Amino acid sequence: MNPLTTAAVDVRRTSTHFDAIGGEPAVTRIVDAFYRHMDTRPDASDIRAMHAPDLAPVKTVLVRYLCEWLGGPKRYSDERGQPRLRMRHAAFPIGAAERDAWLSCMRAALDETGIAPALRDELMHAFLRIADWMRNTGT
Ligand code: HEM
């Protein structure tokens, strides 16, 4: 194999957020912590109630989505097609309180799993934009 090509591929691979965060095991830890916070925090009880009693299926889906979103394997879109997250959330009333509850759970999950503060802040900024765009109730 051409060593120059290999080097270029390695540089690209190690520069994804997916690699920086620690790959799928790290994403799985974050998602486990995220749903544990959603399951237990009083300020998240309304959004918890929107979810099925068993969180295991949605955990799997969120892990695959976030892996892909961070630049990892494209298993989410291979299995479910275009994310179209706003449409997929249209059945759930999402206003500022629901957005903020989601973000609080994610912030706690990222803090708990110990990712570098600069990367955490960058991801939280991106999550804020996505979660805000998900609002569909005008509150
Ligand atoms: C803003 C507040 C949010 C609320 C209240 C919310 C709530 C929900 C609910 C109730 C489901 C369905 C769960 C089930 O099937 O039992 C869901 C699915 C999902 N959510 Fe959210 N969500 C929010 C924000 C976000 C954000 C910011 C992201 C991504 C960064 C996200 C990613 C997903 C994904 C990937 C799924 C699975 C979609 C699929 O079925 O393919 N959500 N969410």
Side-chain angles (χ1 to χ4, degrees):
M1 189 181 289
N2 178 340
L4 283 176
T5 310
T6 310
V9 168
D10 286 347
V11 166
R12 200 174 57 234
R13 276 183 47 75
T14 54
S15 68
T16 64
H17 283 347
F18 179 70
D19 288 326
I21 215 166
E24 184 166 338
V27 174
T28 302
R29 283 196 296 276
I30 291 166
V31 170
D32 280 344
F34 169 76
Y35 282 114
R36 180 165 35 74
H37 285 288
M38 188 190 286
D39 211 19
T40 51
R41 289 170 66 117
D43 64 333
S45 61
D46 286 352
I47 64 171
R48 173 62 184 93
M50 295 176 187
H51 291 75
D54 179 8
L55 291 169
V58 75
K59 269 190 200 176
T60 303
V61 178
L62 189 59
V63 167
R64 290 180 184 170
Y65 173 84
L66 290 178
C67 285
E68 182 166 342
W69 182 73
L70 290 163
K74 298 197 180 312
R75 283 170 72 193
Y76 178 91
S77 53
D78 283 352
E79 288 164 14
R80 301 180 81 81
Q82 285 288 319
R84 294 184 298 171
L85 282 190
R86 197 162 196 283
M87 187 207 74
R88 291 186 198 267
H89 287 77
F92 311 111
I94 299 178
E98 291 75 19
R99 172 200 64 196
D100 293 345
W102 194 100
L103 291 168
S104 296
C105 295
M106 185 53 79
R107 165 81 198 222
L110 292 177
D111 280 344
E112 180 183 321
T113 46
I115 77 166
L119 182 54
R120 176 202 64 202
D121 291 348
E122 192 184 336
L123 295 181
M124 283 307 298
H125 188 71
F127 284 136
L128 171 59
R129 292 184 55 192
I130 302 172
D132 194 54
W133 167 76
M134 222 85 99
R135 281 190 300 130
N136 55 23
T137 66
T139 55

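The model shown is predicted, which means the values in this text are computed figures rather than measured ones. Ligands are counted one by one from 1 in listed order, and the atoms in each one are counted from 1 as well.
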- Would you mind running through ligand 1 and noting each atom that sits below 4.0 Å from a heavy atom of Arg88? 38 (C), 39 (C), 41 (O)
- Item | Residue Arg99 vicinity, atoms of ligand 1 by number, heavy atom under 4.0 Å | 1 (C)
- Starting from atom 37 (C) of ligand 1, which protein heavy atom do you reach first, and at what distance in Å? Val61 CG1, 3.6 Å
- Message: Distance under 4.0 Å to a non-hydrogen atom of Tyr76: what atoms of ligand 1 satisfy this?
- Response: 38 (C), 39 (C), 41 (O)
- For atom 32 (C) of ligand 1, the closest protein heavy atom turns out to be Leu62 CD1, 3.7 Å
- CD of Glu79: more than 12 outside heavy atoms within 6.0 angstrom? yes
- Atoms of ligand 1 close to Ile94 [distance to a heavy atom under 4.0 angstrom, numbered from 1]: 1 (C), 2 (C), 3 (C), 4 (C), 5 (C)
- Enter the distance from Cys105:SG to Asp43:CG here, rounded to the nearest 0.5 Å. 6.5 Å
- Item | Top protein contact for atom 34 (C) of ligand 1, by heavy-atom distance | Leu85 CD2, 4.0 Å
- Task: Identify, by atom number and element, the atoms of ligand 1 in contact range of Ala52, meaning under 4.0 Å from any of its heavy atoms.
- Result: 16 (O)
- Query: Any idea which protein heavy atom is nearest atom 21 (Fe) of ligand 1, and the distance to it?
  - Reply: His89 NE2, 2.0 Å
- Message: Can you report which non-hydrogen protein atom sits closest to atom 13 (C) of ligand 1, along with the distance?
- Response: His51 CD2, 3.5 Å
- Item | Where ligand 1 meets Val58 - atom numbers and elements under 4.0 angstrom, heavy-atom basis | 13 (C)
- How far apart are the C-alpha atoms of Glu112 and Arg36, what are their side-chain angles, what is the distance that settles it, and do they pass the salt bridge (Lys or Arg N to Asp or Glu O under 4.0 Å) test? CA-CA 11 Å; Glu112 180 183 321; Arg36 180 165 35 74; 2.4 Å; yes
- Query: Can you list the ligand 1 atoms lying under 4.0 Å from a non-hydrogen atom of Met134?
  - Reply: 24 (C), 25 (C), 26 (C), 27 (C), 28 (C), 31 (C), 42 (N)
- Query: Which residue owns the protein heavy atom closest to atom 2 (C) of ligand 1, what's the atom, and how far is it?
  - Reply: Trp102 CB, 3.6 Å
- Query: So which protein heavy atom does atom 5 (C) of ligand 1 come closest to, and at what separation?
  - Reply: Ile47 CG2, 3.6 Å
- What protein heavy atom sits nearest atom 40 (O) of ligand 1, and how far off is it? Arg80 NH2, 2.8 Å
